[in-house]
Amino acid sequence: MLAYLVKRVFQAVAVMFVISLIGFAIQDNLGDPLRELLGQSVSEEVRQELREELGLNDSFVIQYTRFLGKALQGDLGTSYFFKEPALDVILKKLPATLELVLGATFIIVGFSVPLGVYTAIRPNTILSRIIMGLSIVGISVPVFLTAILMIYVFAVGYGWFPSFGRGDLVHVFGYWETNFATLDGWSHIFLPSLALASIMLPLFIRLIRSEMMEVLQSEYVKYARAKGIWPWRIYFVHALKNTLLPVITVGGVQIGTMVAYTILTETVFQWPGMGFMFLEAVNRVDTPLIVAYLIVVGFIFVVTNTIVDLIYGLVNPMVNLARMGA
Amino acid sequence: MSTLETIPPPSLWVRLWDSNMGYSFRRNPVAVVSLIIFVAVALMAIFAPLVAPFDPYDPAQIDIMNSEYPPIWIEGADPSFLFGTDDQGRDLWSTILYGTRLSLLIGLCAVALQAFLGITIGLIAGYVGGRLDSLLMRLADIQLSFSTLMVAIIFLAVTQAMFGSETFNQYAIYFLIVVIGVAEWPQYARTVRATVLAEKKKEYVDGARVLGFGPLRIMVRHILPNSMSPIFVISTVQVANAIISEASLSFLGLGMPPSQPSLGSLISSGFDYIFSGSWWITAIPGVVLVVLVLVINLLGDWMRDVLNPKSFKG
């Protein structure tokens, strides 16, 4: 186990190293920090002096080492637009995005398990066919289109929900202000979460269904049936447990994907999260913020994937850790 | 002299029609309808310059005074514009045809690139094995752990900021194909590798080796044809995904520019006008996009059921 853990962590560090290299290359080539600092009406002499002072004439390796050293201390540069440390800007926006992902996750888990199990144990009923049919339609509708449709119908058409922003927030601690404490907050987060969930939900229903159908064919389920165990107990206790293993793996990977889809939902709903901020940063060519976003998002991906792999290794008795560690 | 009566070998079309796949296709109305719709959409897109009443890329045919006419079945419409006009005064029907052409082109080219990279890497990894195999598969794992959309968004955003939108817009189509093509190669590589590992042990491969064929020939001429069915199944799903990715990127303003819109950028430009009541600029291209992706997905589903005997029908 230890060898596997070390290997996995080593790989995570290696990937983060590559991401930091990409981040540095972007910072090095995109935009001109001198112009941001000085403006355009400064003599060439002053310009060169500042170049020297900022270390922009140093070699690539020295500059990269400096960049890495600062990054490890949490200093990813200062945003040109906000005039604040880039990491702070992102951390302030992070809770909004995470709450959106959390809301979507609740919807996904709440619906995919019962629907997936139902379509697996009663594959030929009309309801199952409708669910499966809708799920393939769901996969085919891009998330931004779902979001636009929801705004058009429920916000503009019926006026049931607000169409943009986060609404009333309650401060929890640090940068974290939550949507889940007021009714207004709930009404603001409902549509964006639903839109975000709409792309993943069909995927999970189909995944749970196919895994469940496979498990239901296995010997131990037949044995449990023969023993006369109450069917619902077989489905939800015996079979579901083994179904969830691949679901967890896919789920972990999908958390990262959801972060990407938040950019789309946040754009449509003007949700003040990381993704919305990133697109604004791109339009303003706010290089430090772009680089910081790249590194933070890369970090989220690497950490979730490493954790999922480790959990998978721990939970699945069929994974031979000694062999994988070798 | 009696001439020997020879029966000509059945054509490819007849063989396909008589095969299991052809039989299951005829028996599956969903697949038939999906294929008909897909072929119809594809033909209209390919022949867009002939079908479309206007040329949306020709500024001489665009009049800003014509902007935001509703479709003809709504009051206040101009009868020369079937689906109305967009915010710039372009005929929406023509723009959709040209946009569908771009979306399909980008989707198909991106998947062709994915398939080329993935099949090459998968064949090599599976056939050579050993350290190279584990290295390549590690890379595939890492690549897969980053969502394509995320990679594409960051790559395109940085490229756009670096080159400026003028240059970026000019080459947007190539950037889109490359980024969607490169980001998804592991899907193919993993599947091809798995089939290669299974095929490699079979006797016909040993036979080919005994005959003195080189590894390249064995890989491409002998093993690859036997790995085709999973490749077909992946390809349909991948085309659908690539079209969605392209639309999403264009919607964010990181893809095709409004002057040369794909379906995604058309939806995006319509979104600015949805609150003022011009729903058709968003809705009609949206419906076309969903129908296109849906029929491809339905065909993919059907193909998976046919080609994979282990899968459950339901």
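Proteins get letters first, then strands, A, B, ... in listed order; numbering begins at 1 in each. Since we're looking at a predicted model, the values are computed, not measured.
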So do A:V297 and B:M150 actually touch side chain to side chain, heavy atoms under 4.5 Å?
yes
Can you tell me how far OG of B:S147 sits from CE of A:M258, rounded to the nearest 0.5 angstrom?
11.5 Å
Quick one: does A:P142's side chain get under 4.5 Å of B:L289's, heavy atoms only?
yes
Need one label for A:I290: side chain, backbone, both or neither, based on atoms under 4.5 Å from any heavy atom in chain B.
side chain
Can you tell me how far the CD1 atom of A:I136 sits from the CG atom of B:L298, to the nearest 0.5 Å?
4.5 Å
Enter the distance from A:I151:CD1 to B:F271:CZ here, rounded to the nearest 0.5 Å.
4.5 Å
Taking C-beta and beyond as the side chain, do A:L145 and B:V290 meet within less than 4.5 Å on heavy atoms?
yes
Nearest-0.5 Å distance that lies between atom CD in B:Q160 and atom CG in A:N283:
7.0 Å
Got more than 12 heavy atoms from elsewhere within 6.0 Å of CZ, A:F299?
no
Any side-chain heavy atom of A:L264 sitting closer than 4.5 Å to one from B:L149?
yes
Where on B:A247 is there a heavy atom nearer than 4.5 Å to chain A: the side chain, the backbone, both, or neither?
both
Please rank A:T304, A:V268, A:L294 by heavy-atom pairs under 4.5 Å with chain B and give me the top one.
A:V268
Chain B heavy atoms under 4.5 Å from A:Q11: which part of the residue, side chain, backbone, both or neither?
side chain
Side-chain heavy atoms of A:F278 within contact of B:I153, under 4.5 Å:
yes
Using non-hydrogen atoms and a 4.5 Å limit, figure out which bit of A:I19 sits close to chain B: side chain, backbone, both or neither.
side chain
Please classify the contact of A:R122 with chain B as side chain, backbone, both or neither, using a heavy-atom distance under 4.5 Å.
neither
Which of B:L252, B:V295, B:I296 touches chain A most, by non-hydrogen pairs under 4.5 Å
B:L252
For B:F251, is it the side chain, the backbone, both, or neither that has a heavy atom closer than 4.5 Å to a heavy atom of chain A?
side chain
Are B:F146 and A:V15 packed together at the side-chain level, in the sense that at least one heavy-atom pair is separated by less than 4.5 angstrom?
yes
Distance (rounded to the nearest 0.5 Å) between B:I154 CD1 and A:I22 CD1:
9.0 Å
At a heavy-atom separation under 4.5 Å, does B:D301 approach chain A through its side chain, its backbone, both, or neither?
side chain
Any idea which heavy atoms bring B:I244 and A:I139 closest together, and the distance?
CD1-O, 3.6 Å
Atom pair CG (A:L279) and CG (B:L254), whose distance is rounded to the nearest 0.5 Å:
6.0 Å
